[in-house]
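Computed from a prediction, not measured in an experiment: that's the story for all the values here. The basis for the numbers below is simple: all heavy atoms, side chains too, and nothing from hydrogens, waters or symmetry mates.
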Amino acid sequence: MADDEDVCVGAVNDVDNMGVRIGAIFVILVTTSLFTLFPIVTKRIPRLTIPQFIYDFAKYFGSGVIIATAFIHLLEPAADELSQPCLGDAFQNYPMAYGFALISMMLLFIVEFFAYRLGTLYLKKHGIDTHGHHHAAGHGDASMPQETIAADVTYSEDEVIRDDIKLQNDVEANKPDSGFSKDASVASEVVGVMVLELGVVFHSVIIGLTLATSEYHGEDDEFVVLYPVIVFHQLFEGLGLGSRLAFLPAQMGTLWPCLLAMGYSICTPIGMAIGLGVRHTYTTDTPTGYYVTGVFDAVSAGILIYTGLVELLAHDFVFNQKMHKAPMWKVAISIFEVCLGAGIMALLGRWA
């Protein structure tokens, strides 16, 4: 029982060696920025274009990194933090971390659905969906064969001709390559990337705060272990995010993807700066500290689980017609790259 109480004593960690910690801020900022911007810059600047298979590797590898981050680096720590013995009875008797992750997943699903719905209505309002999807009374759905319609209702020859033209227009309007579908797909892609950005930004600040306030006395201390692991963690995650930002629609130009990349890159340094600023008063080993970090980690885990499985894996493999038609060896390589990213990121969870 005494051991259980010791984990919530709230002792302030020794955060000396300020030179090393300040240096870590700039190391993480530079490495994360380079790897996040690399896919964007090489994709948008013709002279720097690199082979397509490198982009594909970064994209699929990054998908695995995002998924492993959600489960190993966020959900598991959240479960540990929100089950500490010094927290309230509600947290002792219920898996709150998984509850918060579930809530964030469902809220994200609802928000994304209605954002996509409102976005497509906005496009229709501005004339993107020029053909419409309305049918004359008694005609049924546009996908219904003409023979089925004719069996139910008798038409004159002119009416049949008009219906044939109407059906052809409706079919064209519903084709995957129609202008409406393209713009709707663009809107969906942008929403997906923004959701991914939200998830990784959320927990990057917490990571920086944790690193800045970790103990550092020598080779066996927490800071020495966390420092290189977090550098690689942010580097791989940045590569995954950057590969998605690189394929944003050309209409967004180069500036917006670069700004989003830099927004992610500065989050961990900002968290570290905050941690150094409150180093004499802040500690995670208190009920408040466990509540804050646990809830943030759980919510971020829910966001990244939804994004990784739905926006990344499902869209890249299950619903991607190009992947369905690709040679099996190419599919196998892509799946291996996903597994490689997940495996390496899961391995890093051994130390952080």
So which heavy atom on A342 is nearest to which on A68, and how close? O-CB, 3.4 Å

Shared ILVMFWY cluster between F114 and M106, side chains joined below 4.5 angstrom? yes

Hey, does I50 have a side-chain heavy atom less than 4.5 Å from the side chain of K43? no

To the closest 0.5 Å, what do you measure between CE (M105) and OG1 (T307)? 9.5 Å

When rounded to the nearest 0.5 angstrom, what is the spacing between CZ in F232 and OH in Y227? 11.0 Å

Tell me if a side-chain donor or acceptor on E197 pairs with a main-chain N or O of G263 at a distance below 3.5 Å. no

A side-chain contact here means heavy atoms from C-beta on lying under 4.5 Å apart; do I66 and M345 qualify? no

Side-chain contact test, heavy atoms from C-beta onward, threshold under 4.5 Å: evaluate it for L313 versus I67 and give yes or no. yes

Any side-chain heavy-atom pair of T268 and V205 under 4.5 Å: no

For the pair R244 and D316, find out whether any cationic side-chain nitrogen is under 4.0 Å from an anionic carboxylate oxygen. yes

Correct closest heavy-atom pair for L29 and P269 would be CB-CG, 3.8 Å

If you measure from OG1 on T32 to CG on L239, what distance do you get to the nearest 0.5 Å? 11.0 Å

Give a yes or no answer on whether the side chain of T36 reaches the backbone of S33 with a donor-acceptor pair at less than 3.5 Å. no

State yes or no: are the ring centers of Y60 and F317 separated by less than 6.0 Å? yes

Interatomic spacing from CD1 in I40 to OG1 in T254 - rounded to 0.5 Å: 9.0 Å

Same cluster (ILVMFWY, side-chain, under 4.5 Å), I103 and F296: no

L245 to A261 - nearest heavy-atom pair and separation: CD1-N, 3.7 Å

Under the 3.5 angstrom rule, does the side chain of Y55 hit a backbone N or O of T42 as a donor-acceptor pair? yes

Gap between atom CG of L108 and atom CD1 of I305 - 0.5 Å precision: 11.5 Å

Might you work through the side chain to side chain contact (heavy atoms under 4.5 Å, CB included) test for H233 and V65, ending with a clear yes or no? CA-CA 9 Å; H233 177 285; V65 166; over 6 Å; no

Audit row: L74, V299, side chain to side chain contact (heavy atoms under 4.5 Å, CB included) steps and yes/no: CA-CA 9 Å; L74 292 174; V299 170; over 6 Å; no

Indicate yes or no: at least one non-hydrogen side-chain atom of N320 is less than 4.5 angstrom from one of H315. no

Counting only N and O atoms by type, is there a donor-acceptor contact under 3.5 Å from the side chain of S83 to the main-chain atoms of D80? yes

Quick one: pull up CE in M272 and CZ in F26 and give me the separation to the nearest 0.5 Å. 10.5 Å

Would a single hydrophobic cluster contain both L198 and F113, if residues Ile, Leu, Val, Met, Phe, Trp and Tyr are joined by side-chain heavy-atom contacts under 4.5 Å? yes

Beyond-backbone contact of V331 with H324, side-chain heavy atoms, under 4.5 angstrom: no

Do you see a donor-acceptor pair shorter than 3.5 Å between the side chains of E81 and Y291? no

Trace of the side chain to side chain contact (heavy atoms under 4.5 Å, CB included) decision for M194 with L260: CA-CA 9 Å; M194 295 304 292; L260 291 171; 4.0 Å; yes

State, yes or no, whether a side-chain contact exists between F236 and I344 at a heavy-atom distance under 4.5 Å. yes

Taking H203 for its side chain and A298 for its backbone only, find out whether a donor-acceptor pair lies under 3.5 Å. no

Of all heavy-atom pairs linking A78 and G294, the shortest is CB-O, 3.5 Å

Check whether the ring centres of F91 and Y290 lie less than 6.0 Å apart, and answer yes or no. no

Side chain to side chain contact (heavy atoms under 4.5 Å, CB included) assessment of L75 paired with Y98: CA-CA 7 Å; L75 190 56; Y98 301 97; 3.7 Å; yes

Under a 4.5 Å side-chain heavy-atom rule over Ile, Leu, Val, Met, Phe, Trp and Tyr, are V310 and V318 clustered together? no

Say whether Q234 and S204, considering side chains only, have a donor N or O and an acceptor N or O under 3.5 Å apart. yes

Ring geometry between F109 and Y306 (parallel below 30°, tilted from 30 to 60°, perpendicular above 60°): tilted

Starting from F247, can I reach L37 by hopping between I/L/V/M/F/W/Y residues whose side chains sit under 4.5 Å apart? no

L209 to G275 - nearest heavy-atom pair and separation: CD1-CA, 3.3 Å

Considering all heavy atoms of both residues, which atom of A70 and which atom of A301 are nearest to each other, and what is their separation? O-CB, 3.6 Å

Answer whether the closest heavy-atom distance between the side chains of I303 and V195 falls below 4.5 Å. yes

